[in-house]
Amino acid sequence: MKPTRFEGIRTAAVHAGEEPNPLTGASAPDIVMSTTFLINPDVSFSANLLTEETPFAYTRWGNPTVSQLEQKLAALEGSEACVAFASGMAAITALLFRILKAGDHIVMSDVTYAAASELANDTLPKLGIEISRVDTSDPENVRSALRSNTRLVYLETPTNPILRLTDVAAVATMAHEAGALVAVDSTFATPIALQPIALGADFVIHSLTKYICGHGDALGGAVCGSQQEMALLRPMAVHLGGILSPFNAWLIMRGAATLPVRMHAHEENALTLAQYLEGHPQITRVIYPGLPSHPQHELAKEQMANFSGMITFQMRDGLAAARVFSTKLQTIHYAVSLGHHRSLVIYIPTEDMLKTSFRLTTEQEASYRHFAGDGVFRFSVGLEDPADIMADLDQALAEIE
Ligand SMILES: *Cc1c(COP(=O)(O)O)cnc(C)c1O
């Protein structure tokens with residue numbers, strides 16, 4: 001089923017993919033937990049022959065609740081289709097394995113979500129796939145890295161954890177001229193802030209675990225793209241098996257319905273907190289795309305319709321401060337993940353990231369440190385009252401020399 005188009009993104013968030021159950025009249029979506037479906041003996045079982053019209057047969061191939069979520073996500077991203085996965089990493093793995101084969105080349109941002117970076121650095125070369133890691137915040141670096149066998153350019157904007165941006169339209173134009181496809185991990189931006197398909201990207205990747213679910217209670221992932229590309233990706237999802245549970249799909253669908261209003265509130269809170277931190281004597285640096293002090297604020301204003309709720313900040317002795325935060329913060333949880341209704345903060349030491357996740361050249365390390373210094377607090381500003389978030393930070397900061 002093609003996603004229905006809606007005029008406004010709030011209406012799409014609420015209604016796309018959903019309609020009352022014609023049998024029961026239920027207004028809210030059902031959770032269909034059945035793993036198996038009664039089928040017609042003439043329908044093929046092969047994942048390679050699945051089409052949009054294939055009836056449901058087995059939940060690893062397709063499920064009514066998961067399919068409703070996929071339609072909602074496609075409507076939000078303005079893409080023709082979507083494939084949902086068990087996690088963001090399952091989505092990334094399936095896309096890389098679907099697009100790349102031995103002898104191919106991928107150009108990938110030198111800084112991405114750590115597990116994506118480790119997967120690319122450790123696993124792709126073993127499969128005979130060549131990889132160039134470049135600082136994609138300068139599109140010229142992408143241009144220089146493109147080769148005749150480049151199949152995919154992989155971006156993340158804003159990138160986790162340093163909030164550096166990439167000009168998606170500029171990179172997409174270059175990549176397409178060279179015959180390569182473009183994937184954007186848009187987890188930090190969400191479809192409310194960034195519309196990568198409209199900017200020319202071929203694939204949008206999400207960790208649904210973050211803003212789209214929004215409540216910190218379900219892992220999920222997705223890739224959005226054309227009907228043709230998603231039809232090719234579906235068998236990879238079926239074969240790798242990292243498919244989304246219908247229960248998680250239902251929870252994420254419920255979260256996605258309020259995504260536009262939540263992102264509005266996340267942005268409002270984040271701007272207030274970013275300004276507060278920027279004025280705080282113990283904070284040495286604040287990076288937020290919505291602040292004029294962000295090195296790429298002009299690109300942020302041009303490319304993003306919302307600055308999202310992610311801030312990074314730096315302190316003189318980050319690790320010592322992190323120890324205090326982890327015991328003294330109350331409203332804000334000292335924990336990984338992001339995009340939840342609850343504020344979360346975590347310290348990410350630069351040295352650790354360089355040792356474990358990234359393999360940066362001297363020049364790339366300088367760019368990383370330009371945004372991250374010796375380490376950043378990655379602050380996912382939640383939906384609490386901003387005054388309470390500030391008061392919590394104030395009392396914890398007062399405990400730090
Ligand atoms: C969390 C995250 C992922 C991985 O998602 P999971 O759902 O945890 O597998 C990928 N990309 C970004 C930018 C993330 O923040």
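In listed order, ligands and their atoms are each counted from 1. Only a predicted model underlies this, so the values are computations on that prediction, with no experimental measurement involved. Index from 1, following the sequence.
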Residue-ligand contact Ala90/ligand 1, heavy atom below 4.0 Å |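 No, Ala90 has no heavy atoms under 4.0 Å from ligand 1.
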Are the charged groups of [X] and [Y] less than 4.0 angstrom apart, N to O?
X: Arg369; Y: Glu365; value: yes
X: Asp122; Y: Arg359; value: yes
X: Arg323; Y: Asp317; value: no

Residue and atom name of the nearest protein heavy atom (relative to [atom]), distance in Å to one decimal:
atom: atom 5 (O) of ligand 1; answer: Ser207 OG, 3.0 Å
atom: atom 14 (C) of ligand 1; answer: Lys210 NZ, 3.0 Å
atom: atom 8 (O) of ligand 1; answer: Tyr113 OH, 4.0 Å

Which of the atoms of ligand 1 are close to [X], meaning less than 4.0 Å from one of its heavy atoms?
X: Glu156; value: 13 (C)
X: Phe188; value: 15 (O)
X: Gly220; value: 7 (O)

Of the listed options Asp185, Thr187, Thr209, closest to atom 11 (N) of ligand 1 (non-hydrogen atoms) =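 It is Asp185 whose heavy atom sits nearest to atom 11 (N) of ligand 1.
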Polar proximity ligand 1 side, Met89 side, N/O cut 3.5 Å exclusive |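 Yes - when backbone and side-chain N and O of Met89 are compared with those of ligand 1, one distance drops under 3.5 Å.
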Gly88, any N or O under 3.5 Å of ligand 1 N or O =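 Yes; the residue has a nitrogen or oxygen that sits under 3.5 Å from a nitrogen or oxygen of the ligand.
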Is it true that His206 and Phe85 have ring centroids separated by less than 6.0 Å?
->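 Between Phe85 and His206, which both carry aromatic rings, the centre distance is not below 6.0 Å.
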Within the 6.0 Å centroid threshold, strictly below: Phe358 and Tyr368 =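 Yes, the ring of Phe358 comes within the 6.0 Å limit of the ring of Tyr368, centre to centre.
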Compute whether any side-chain donor of one residue and acceptor of the other, for His176 and Asp202, lie under 3.5 angstrom apart.
->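 There is such a pair between these side chains.
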Atom CG of Asp30 with >12 non-hydrogen neighbours under 6.0 angstrom |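 More than 12 within 6.0 Å, yes.
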